[in-house]
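Presented below is the structure to which this report refers.
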2 protein chains.
Amino acid sequence: MTKTPIQLNLRAARAKAGLSLSKTAELTGVSKAMLGQIERGESSPTLATLWKLAKGFHLPLTALIEDLAQTPETASPAQNHVVALQGSIRFRTVFAFDPILGAESFLLTLEAGQSHVSQPHDTGVIEDVFVVSGEMELLRNEKWHRLQTGDAMRFHADQSHGYRNLSDGTAQFYNTIHYPKTGVFTRPS
Amino acid sequence: MTKTPIQLNLRAARAKAGLSLSKTAELTGVSKAMLGQIERGESSPTLATLWKLAKGFHLPLTALIEDLAQTPETASPAQNHVVALQGSIRFRTVFAFDPILGAESFLLTLEAGQSHVSQPHDTGVIEDVFVVSGEMELLRNEKWHRLQTGDAMRFHADQSHGYRNLSDGTAQFYNTIHYPKTGVFTRPS
DNA sequence: AAAGCTTGTGCGCTATAACGCACAACGCTT
DNA sequence: AAGCGTTGTGCGTTATAGCGCACAAGCTTT
């Protein structure tokens, strides 16, 4: 008999707090009988009841209803996954997209004179740019912003944006893309 | 009359898909009358009904029940927020903790000979290390791992871990800490 | 103007969530 | 062994989720 996340999570929260059904009922305001029904999968709680549980245990709702799997540990050596983009811009995947964290990270290299304009991502996508070395510019809201080594910017990537390097040297930036809950299933390549 | 997240999110999902209550009922298997009740806040849907909605709209559950606020855009110049830690290690907050993304990012500087051992974070905390420059070592599972410029590692930070620089030069790394849903309320300073 | 279609709301009925309470089973104390 | 307290389950009752259907209102077509 497969158990649902709410069954497993409620039992785990209760065990972690070392509470019986009776004590949990006092803590959350949900009856002892209903708690037992939820844990045994005999009843599907309403959102109002879920809120009582979350509030009583001081947990966000997602901690009760979602399947909390584990993000694996990863080593990413410097020589990993270097690819070319559009015949010129180089990028390397530092951390591949992780569905639990909802994010992925790249190291991008802009040689002197190179530029790149990105298609807007889906609604709610947030992008971080941290300049590792060199000098570059970031296009946001039709305006170029100059960034130097150590500068960083966070912006809404669901709008048109781009990168360029007008300096004489090479620029590199560490680029993290955060996908919202609503958008993870439509992640572009 | 304040509306709950489920009211706003269901109406937004329907509007985005351009569907009437009738079409949405066909798509999700939840009756037209119930959809109206949910949107007007007249009924609290069960978890089973929420699943039908999420599945019909191809959305994760969280997208229906959580308050999806917006992460603000941020500029973080190189001279920002540089502080000393334990009288020796320098670090700068690049992106402060954001409750929506559940993450924060720092730039840490290890001078020659410096080391630092971190207390374990709460359960489920994930840490990313990307070496921006220099050479350093990362302590995980009682073992030191050597990292050079461009190397990166992702690891479970709820276990003892540390950093040290045994080289002759300075090392810098970009450090992102991801907090799990269940732990965001207990974030350490 | 009349007819037809779409949309959202309200109503009454059925199914089930949620509850209080009793009780079986178990463990601990006297 | 008897008594007491704790724990989880089951039952019957109440409240409400969820539904099909009718209908008012609005819009489009004839």
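Below, chains carry the letters A, B, ... as their sequence lines are ordered, and counting in each starts from 1.
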Quiz item: Can B:Arg90 and B:Glu111 be counted as an ion pair, charged N to O under 4.0 angstrom?
Solution: yes

Practice problem: Quickly work out the A:Glu39 CD to D:dG8 C1' distance and round it to whole Å. | Solution: 10 Å

Practice problem: Rounded off to whole Å, could you give me the CG-to-P distance for the A:Leu47 and C:dA18 pair? | Solution: 10 Å

Practice problem: Considering just the side-chain nitrogens and oxygens of B:Ser20, establish if one lies under 4.0 Å of OP1 or OP2 belonging to C:dT7. | Solution: yes

Quiz item: Do any side-chain nitrogens or oxygens of A:Arg14 fall under 4.0 Å of OP1 or OP2 in D:dT7?
Solution: no

Quiz item: Starting at the 5' end of DNA chain C, which residue's closest nucleotide do you reach first, B:Ser22 or A:Gly29?
Solution: B:Ser22

Quiz item: From C:dA18, C:dA17, D:dC19, pick the nucleotide closest to the side chain of B:Gln37?
Solution: D:dC19

Quiz item: Relative to the ring of A:His116, is the ring of A:Tyr163 parallel (under 30°), tilted (30 to 60°) or perpendicular (over 60°)?
Solution: parallel

Quiz item: Taking only side-chain nitrogens and oxygens of A:Thr49, does any of them come within less than 4.0 Å of OP1 or OP2 of C:dA18?
Solution: yes

Quiz item: Within the structure shown, what part of the strands sits under 4.0 Å from A:Glu42 by heavy-atom distance: base, sugar-phosphate, or nothing?
Solution: sugar-phosphate

Quiz item: Hey, is the side chain of B:Ser43 poking within less than 4.0 Å of OP1 or OP2 on D:dA17, counting only N and O atoms?
Solution: yes

Quiz prompt | Gap between atoms CD and P, on B:Glu26 and C:dT7 respectively (whole Å) | solution = 10 Å

Practice problem: Determine: side-chain N/O of B:Arg11 to OP1/OP2 of C:dG8, distance under 4.0 Å, yes or no. | Solution: no

Quiz item: In whole angstroms, how far is the C1' atom of D:dA17 from the CG atom of A:Leu50?
Solution: 14 Å

Quiz item: If you measure only the distance, is there a donor-acceptor pair under 3.5 Å linking the side chains of B:Tyr179 and B:Glu104?
Solution: yes

Quiz item: How close or far is atom C1' of C:dG8 from atom CG of B:Leu19, stated in whole angstroms?
Solution: 15 Å

Quiz item: For the side chain of A:Leu21, counting heavy atoms from C-beta on, which of C:dT9, D:dT9, D:dC19 is nearest?
Solution: D:dT9

Exercise. Take the protein atom NZ of B:Lys23 and the nucleotide atom P of C:dG8, then report the distance between them rounded to whole Å.
Key: 12 Å

Self-check item: Whole angstrom value for the distance that separates C1' of C:dG8 from CD1 of B:Ile38
Solution: 15 Å

Practice problem: Grab the CE-P distance between B:Met34 and C:dT16 for me, whole Å please. | Solution: 14 Å

Quiz item: Under the 3.5 Å rule, do the base of C:dG8 and the side chain of B:Lys32 count as making a donor-acceptor pair?
Solution: yes

Quiz item: Does A:Leu50 reach the side chain of A:Ile6, with side-chain heavy atoms less than 4.5 Å apart?
Solution: yes

Self-check item: Polar side chain donor-acceptor pair, A:Ser105 to A:Thr176, under 3.5 angstrom
Solution: yes

Quiz item: With a 4.0 Å cut-off on heavy atoms, is B:Ser31 in touch with a base, just the backbone sugar-phosphate, or nothing at all?
Solution: base

